[in-house]
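Worksheet: the structure to be examined is printed underneath.
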Amino acid sequence: MNLFTDIRALVIGALETMTKEGDLPAGLNFDNVTVEPPRNPSHGDMATNAAMVLAKPAGQKPRYIAEKLIGILSLNGEIVSVEIAGPGFLNIRIIPYVWQSLVKTVILSGGAYGTSVMGAGKKVNVEYVSANPTGPLHVGHTRGAVFGDALAGLLDYAGYEVTREYYVNDGGSQVDVLARSVYLRYLEAHGQEVAFEDGTYPGDYLIPLGQALKKEVGNAYLDQDEQIWLVKIREYATEAMMGMIRDDLALLGVSMDSFFSEKSLYGTGAIEAAIDNLRAKKLIYEGVLDPPKGKKPEDWEPREQTLFKSSDHGDDVDRPIMKSDGSWTYFAPDIAYHADKVNRGYDLLINIFGADHGGYVKRMKAAVSALSEGKVSLEIKLTQLVKLFKDGEPFKMSKRTGTFVTLRDVVDQVGADVTRFVMLTRKNDAPLDFDFNKVLEQSRENPVYYVQYAHARGRSVQRRAVEAGISVDIATLAAADLSRLSHDAELGVIRRLAEWPRLIEIAARTNEPHRVAFYLYELASELHALWNKGNEEPTLRFLQVDDPDTSQAKIALLQAVCVVISAGLGILGVKPAEEMR
RNA sequence: GGUCUGUUAGCUCAGCUGGAUAGAGUACUUGCCUCCGAAGCAAGGGGUCACAGGUUCGAAUCCUGUACAGACCGCCA
């Protein structure tokens, strides 16, 4: 149910009629013909660019096409008027009944209104967070988590079959570092003095692990060589870290469908198989890379390495997959991991990376392109930094001392709903300022409350209506006489509701969930405006105590707004408020 | 040196597949509370869409170049 595509179908139908009657040459491509809401409401309900885009390919003047089109469209009973305007736009006005009926559609469809078939039958894998299991999630991860989760929700709404996946980097050397750091805490638990040198994790969060380890193994690991305890502690620590990370994600309301372990790729032949796959395509060779230009490579030595010919698939240079000591680089398991995704039959892969990983975009795309022979596309979305503030002052973090702001800190202070919404009020690739105090202000500067308030107002009126003995169940509202919704402000809200399905498709196509947040803000704004008009014009109030029929029509509109706000917040992972406290 | 991202109102930012007079919030001025609490609404001023070319009926949007900002650039993931 999308009014704009409905009207577009009418326009296309008219164009086909014109083709049949010889007013347009056969075989024209109508793909560029759009029907959109005009920016200026005085231009009417909808506008189409048909006459302008077809003028050239048809070899006709825009005006000629426009007039023929008007002749056909005017015959339709749902269309009030069609006018030529500006450089050749057709402004279309449709009968109020069409708008009013939309309210009923929305109410009856509920959370299904605006869902799309654009993703029907398509499987998509969204990989996000994928933080190393070496510590708690921090703010940067939080943004990636929120963005990825909202994008997954959006694609789900748009009809895709979505898998939310976390890649656990538990196979590289960073988990060895973790193990050694835990060992130090273990020694500390036994009363020894320890020093955290460079290349260890000094964070306090490992203290309990050291103590727990002491409780479990006693002094078995004291004065023991690393090879005795490393594997055991590594396993123990990664498991504990992943447990902590899952808890952090749960705090934020993020729940993954799948955790994929890097370690599971080792010793199973998975990496070798993926590399052999590329080798069979003649994309693996031994070679020497040029030194990176620009900065002085002080310790640069030319070395022969095993390389992936990623430059054949759009990368700038070829990339090493094996270190000089014969072990894999991190890139090799990444290739194997994505080979696994390709083999699982996804039509589309999406990875969410922090902006500092921007340099890996091309090689990952090259790998997927090569592995799938161009059949599966990999989209990589980068999330920019989060700059923390408190009362307008920058909030300093230091990795070295281990004093960084964690996801838990943020959620504990401001709550999951606020965190999620605020993080989606910027495009993913733009830096985000996050002020701990500002986001908690319950003011108009805070979009979370603004949207929540609109929903709460809607619910409040419904509760009042019930108290006044007016029935507001869905069936009653759907059967209300919607022709009573004739005021411009009311139709304005409906017009905004009509844009919802269109917005979902745009947001899903561009992979930009922030558009949902901005839309909800606009919808809330329409509702607040209508609400306040009720102060001056009592007939515009939703609740007309002595006129149940009118009340029900108006509350039906309110219900429709609540449905869309609720669905939109649902995509973003935010719970709608029944009332404000 | 190269790659990627960004540059829109004083400030923070939206802007759809290229569409009509480029929009919000904030700040400033001024009004408005019996439908939840004004946590809201209305009105006003504020712009060379970084700059220069190009593509076309039409460019903030696409292409090329320049300037500025950030991220990244072989054995860390």
Side-chain angles (χ1 to χ4, degrees), chain A residues 31-32 34 36-40 43 47 49 52-53 55-56 62 85-89 91 130 132 134 169 171-175 177 199 262 288-295 297 300-303 305 307 315-317 319-320 322-325 327 329-331 333-334 354-362 382 384-385 425-427 429-431 433 441-447 449-450 452-454 456-457 459-461 463-465 468 499 502-503 505-507 509-510 512 514-515 517-518 521-522 525 528-536 538 540-545 551 554 579-580:
Chain A
D31 288 353
N32 289 330
T34 60
E36 298 178 328
R39 202 178 302 175
N40 187 337
H43 290 147
N49 60 357
M52 287 182 293
V53 271
K56 198 173 188 181
F89 284 101
N91 288 333
S130 297
N132 290 339
T134 54
N169 289 106
S173 57
Q174 76 285 352
V175 285
V177 174
E262 177 193 358
V288 180
L289 287 173
D290 292 333
K293 292 170 184 167
K295 67 174 181 185
W300 173 270
E301 296 165 28
R303 262 185 215 104
Q305 294 172 287
L307 300 171
D315 202 355
D316 309 308
V317 293
R319 306 292 177 174
M322 198 177 264
K323 300 179 197 170
S324 49
D325 67 1
S327 64
T329 64
Y330 66 90
F331 187 39
D334 274 355
D356 55 340
H357 287 59
Y360 304 97
V361 170
K362 284 192 175 181
L382 302 179
Q384 262 294 349
L385 297 175
T425 53
R426 289 287 176 275
K427 259 185 313 204
D429 49 8
D433 291 348
E441 269 173 33
Q442 301 193 346
S443 73
R444 72 194 81 163
E445 210 175 324
N446 190 337
Y449 287 92
Y450 190 85
Q452 293 283 32
Y453 188 31
R457 276 181 153 172
R459 285 285 176 265
S460 168
V461 170
R463 287 191 296 268
R464 291 281 168 119
E499 288 175 29
R502 198 171 159 268
L503 179 110
E505 296 200 348
I506 292 170
R509 189 177 61 235
T510 54
E512 292 181 340
H514 75 274
R515 290 175 191 271
F518 281 92
Y521 187 87
E522 285 163 10
S525 177
H528 289 312
L530 173 58
W531 182 283
N532 277 75
K533 280 205 171 66
N535 289 335
E536 289 156 27
L540 282 181
R541 293 181 189 172
F542 293 97
L543 189 54
Q544 310 282 332
V545 179
S551 295
K554 290 177 183 298
E579 58 185 336
M580 303 297 276

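Chain A is the first sequence line, chain B the second, and so forth, proteins listed ahead of strands; every chain is numbered from 1.
For the pair Tyr449(A) OH and A38(B) C1', the computed distance is 17 Å after rounding to whole Å. We find that CZ of Arg464(A) is positioned 8 Å from P of C35(B), with the value rounded to whole Å. The distance between atom CZ of Arg463(A) and atom C1' of G37(B), rounded to the nearest whole Å, is 13 Å. One atom, CG of Leu289(A), and another, P of C73(B), lie 14 Å apart when rounded to the nearest Å. Taking atom CG of residue Asp356(A) and atom P of nucleotide C76(B), one finds them 18 Å apart after rounding to whole Å. In this structure, Asn32(A) places its CG atom 16 Å from P of C16(B), rounding to the nearest Å. Atom-to-atom, CG of Asp316(A) to P of A71(B) comes out at 19 Å; the value is rounded to the nearest Å.
Closest contact between the side chain of Lys362(A) and the listed nucleotides U3(B), A14(B), C41(B) involves U3(B). Closest approach to the His528(A) side chain among G40(B), C35(B), C16(B) is made by G40(B) (side chain taken as heavy atoms from C-beta onward).
Within the nucleic acid shown, Phe518(A) comes within 4.0 Å of sugar-phosphate atoms alone, with no base atom in reach, counting heavy atoms only. Using a 4.0 Å heavy-atom distance criterion, His514(A) is classed as a sugar-phosphate-only contact. Contact annotation for Glu262(A): backbone-only contact, meaning every heavy-atom pair under 4.0 Å involves sugar-phosphate atoms and none involves a base. Within 4.0 Å of Ala454(A), counting heavy atoms only, lies no atom of the nucleic acid at all. Note on Arg459(A): nothing from the nucleic acid sits closer than 4.0 angstrom, heavy atoms only. Residue Ser173(A) is classed as a sugar-phosphate contact, given heavy-atom separations below 4.0 Å to backbone atoms only. Among the atoms of the strands shown, only primed sugar atoms or phosphate atoms (P, OP1, OP2) are found under 4.0 Å from some heavy atom of Pro320(A). Within 4.0 Å of Gly534(A), counting heavy atoms only, lies at least one base atom of the nucleic acid. At the heavy-atom level, Thr329(A) lies nowhere under 4.0 Å from the strands shown. At the heavy-atom level, Ala85(A) lies under 4.0 Å from base atoms of the strands shown. Val175(A) comes within 4.0 angstrom of no nucleic acid atom, judged by non-hydrogen atoms across all strands.
Taking a pair to require two hydrogen-bonding distances under 3.5 Å in either a Watson-Crick or a G-U wobble arrangement, G18(B) remains unpaired. Nucleotide A67(B) forms a pair with U7(B), judged by Watson-Crick or G-U wobble geometry with both contacts under 3.5 Å. Shown here, U61(B) forms no base pair; nothing in the strands shown gives a Watson-Crick or G-U wobble contact with both key distances under 3.5 Å. Pair assignment for C72(B) gives G2(B), based on Watson-Crick or G-U wobble hydrogen-bonding distances that are each under 3.5 Å. In a base pair of the Watson-Crick type (N1 to N3 plus N6-O4 or O6-N4) or a G-U wobble (N1-O2 and O6-N3), with each distance short of 3.5 Å, G40(B) is matched with C32(B). Pair check for G23(B) finds C13(B); Watson-Crick or G-U wobble, both atom distances under 3.5 Å.
C73(B) and G15(B): their P atoms are spaced 29 Å apart (whole Å). Annotation: C51(B) and C11(B) have their P atoms spaced 15 Å apart (nearest Å). Separation of the P atoms belonging to C16(B) and A59(B) is 16 Å when rounded to the nearest angstrom. For the P atom pair drawn from U61(B) and U21(B), the interatomic distance equals 16 Å after rounding to whole Å. Comparing the P positions of G10(B) and G45(B) gives a spacing of 15 Å, expressed to the nearest Å. Only the C1' atoms considered, G19(B) is 27 Å distant from G65(B), to the nearest whole Å. Going from the P atom of C49(B) to that of A9(B) covers 10 Å, rounded to whole Å. Of the P atoms belonging to A22(B) and A50(B), the separation is 15 Å, rounded to the nearest Å.
Checked by distance alone, Asn91(A) brings a side-chain donor or acceptor within 3.5 Å of a matching partner on the base of A20(B). The base of C16(B) lies outside donor-acceptor range of the side chain of Arg515(A), with no N or O pair under 3.5 Å. Counting distance only, with no hydrogens placed and no angle test, the side-chain atoms of Asn532(A) and the base atoms of G40(B) include a donor-acceptor pair under 3.5 Å.
Side-chain N/O atoms of Lys56(A) include one lying less than 4.0 angstrom from OP1 or OP2 on C57(B). For Lys427(A), no side-chain nitrogen or oxygen approaches OP1 or OP2 of U5(B) to under 4.0 Å. Regarding contacts with the backbone of G40(B), every side-chain N or O of Tyr521(A) stays at 4.0 angstrom or more from both OP1 and OP2.
No side-chain heavy atom of Tyr330(A) sits less than 4.5 Å from a side-chain heavy atom of Glu262(A). Contact annotation: the side chain of Tyr453(A) approaches that of His528(A) to within less than 4.5 Å [non-hydrogen atoms, C-beta and beyond]. In this structure, Pro447(A) and Phe518(A) have side chains that are not in contact, with every pair of non-hydrogen atoms separated by 4.5 Å or more. Counting only heavy atoms from C-beta outward, the side chains of Arg463(A) and Glu579(A) approach each other to under 4.5 Å.
Checking Gln384(A) against Val53(A), the closest nucleotide of RNA chain B that is more toward the 5' end is the one next to Val53(A).
Base orientation at C28(B) is anti, since its O4'-C1' glycosidic dihedral falls outside 90° of 0.
Using a 5.5 Å limit on the distance between ring centres and a 30° limit on the angle between planes, the aromatic ring of Phe89(A) counts as stacked on the six-membered base ring of A20(B). Stacking of the aromatic ring of Trp531(A) onto the base of C35(B) is found: the ring centres lie under 5.5 Å apart and the planes are inclined by under 30°.
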